[in-house]
Each structure stands twice: as structure tokens, then as C-alpha cells.
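Working notes, structure below.
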Amino acid sequence: MTVLPGRAAEDPDAAAPADPLVLAAAWLPGVDAGLGPTMTLSTVGLDGYPSARTVLLSRFDGERLHFHTDSRSRKAAELAALPRAAVTVVWPEAARQLVVVGDVAPVTADEARAAYATRTRYLQVLAWVNDLEAAADTASRRRELWAAFERDRPELEPPDTWAGFALTPRRMLFWRGATDAASNRLVYERCPDGSWSRDSWPG
Ligand SMILES: Cc1cc2nc3c(=O)[nH]c(=O)nc-3n(C[C@H](O)[C@H](O)[C@H](O)COP(=O)(O)O)c2cc1C
């Protein structure tokens, strides 16, 4: 285990509320209102192997973690086949890692539209032009297509392929590193009655 430089361990009692969503909100300040950090999104590939990539955390609504993608993507196909995923958010400078495992469902059309509106212009355009055909083009042709799109489409609505998903946690692991103590993880599991069990794991 590599101990990352960062803050010393927090008071374990103060940092371990009964509800992990409260702790997640403290670790993700402001993410209810706009784009959050990047995270590794892990799905189960159609071949049964793990499938992982980086995505932006679009929003944490206090319960679910939202992310957005192209409905033609591999991850969308994988989630259609098995709507389960894990996301890993890491803050090396703060010696923190959050891993959330759970069930994924599409967001509502209104939620998807609102998320598109918070994206930068670059990401809004990207959602339109990032397809298989463009991927196979030369870099200079991709630049030409981008410039033409920018010129012709000053106002943008989400494309039909804009797809939003939200992960509802079943398990949440909060890793806290320290320079002067062993790292540990607060682990929460959702119980059948909707409450959370809480445990501490090493590593
Ligand atoms: C920093 C960073 C942020 C990214 N954010 C997103 C995102 O929010 N949504 C997305 O679909 N792809 C995003 N990507 C691209 C994905 O990592 C991935 O290449 C793409 O979505 C295709 O993945 P798939 O073929 O597994 O579906 C991002 C990549 C990087 C490096």
C-alpha cells in the first residue's frame, strides 16, 4: 500500500456518520449544482471481463451519482445488458478515494437536458461530433468538421444520442490515507430495509 501525502487521518468518529450519503456530500461539495471530478467508471463487459474508462461525475444529487455519455457507446451497451457499475473517484492530494458500487438506471429526459446545459461548449459540441465516422477521419479532417460545426451551430440542444445515467449506491468505500498512520476504509453496505451497515477495513 502506498501512503499518499496529504492530510492526517480525520477523527474517526467525526468522519463516520451513520449515513454514507452525508459523507459523500461532504467529499463532493457543490457537485449537486454542476460538474464534479473525473472518475473511473467500471462496468461488466459483454465478454464478461471488466470494462473501465474515465468519465465526468455530472452530478451527485444526494442519493445518486450521475454521468453522461453517448447512447451508442460500449458502456451504454454494457449497462443495457447488466445495469451495474462501480465508480472510483480519487483525490491524491487529499489522500482520499471514494468507491461506489451499485445499480444504474437512465436519468429522466429533464435531468439529461439540464446536465447538457451545464457542459462547456467544447463538451456540448463533442457530444454531436464524436462518432465512429469522425474517429476514423484524419486529424486535419476532424478539425475541419469541428470548425464547420462551430460555424453552423451557434445554439445547441442535446443530440438524440445524449444519454444520462445515475448510479444508486449499494456499497460505498471511503478510503482515507495518512502520512502518520495506516490508511483505512469506511465501508457501508445498504441493508434490505434501506438502512446502512458500517464497517472499517484496512488498506
Ligand atoms: C478526463 C476524461 C473525461 C471524460 N469524460 C467522459 C464523459 O463524461 N463521458 C463519456 O462518455 N466519455 C468521457 N471520456 C471518454 C471515456 O473515457 C471513453 O473513452 C469514452 O466514453 C468511450 O468509452 P466506452 O467505449 O467504454 O463506452 C472522458 C475521458 C477523459 C480522459
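In this text, all values refer to a predicted model and were calculated from it rather than measured experimentally. First listed ligand is number 1; within each ligand, the first listed atom is number 1. We count residues from 1, following the sequence as given.
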For this session: Given salt bridge (charged side-chain N to carboxylate O under 4.0 Å, His left out), test E133 with R72 step by step and report yes or no.
Result: CA-CA 13 Å; E133 203 182 332; R72 299 162 294 180; over 6 Å; no
For this session: Please step through salt bridge (charged side-chain N to carboxylate O under 4.0 Å, His left out) for the pair R141 and E144, ending with a clear verdict.
Result: CA-CA 5 Å; R141 179 79 190 125; E144 280 170 24; 3.0 Å; yes
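Which parts of ligand 1 touch R119 is read off a 4.0 Å heavy-atom cut-off, strictly below it: atoms 8 (O). Close approach of ligand 1 to T69 is summarised as follows: ligand atoms under 4.0 Å from at least one heavy atom of the residue are 10 (C), 11 (O). Close contacts between ligand 1 and S73 involve ligand atoms 27 (O) [criterion: under 4.0 Å to a heavy atom].
Checking D110 against T108 by side-chain atom types alone, no donor-acceptor pair falls below 3.5 Å.
The environment of CZ in R153 is crowded: more than 12 heavy-atom neighbours from other residues, nucleotides or ligands sit within 6.0 Å. Other residues, nucleotides and ligands contribute at most 12 non-hydrogen atoms within 6.0 Å of the CG atom of D160.
Inclusion of T38 in the set of residues having an N or O under 3.5 Å from an N or O of ligand 1 is not warranted. For ligand 1, the polar-atom distance check finds an N/O of L56 within less than 3.5 Å of one of the ligand's N/O atoms. Of the polar atoms of D70, none of the N or O atoms is found under 3.5 Å from an N or O of ligand 1, judged by distance alone.
Among protein heavy atoms, the minimum distance from atom 24 (P) of ligand 1 is reached at K75 NZ, 3.6 Å. Looking at atom 10 (C) of ligand 1, its nearest protein heavy atom turns out to be H68 O, 3.6 Å.
Taking the six-membered ring where tryptophan is involved, the planes of Y188 and W196 are perpendicular, since the angle between them exceeds 60° and thus also 30°.
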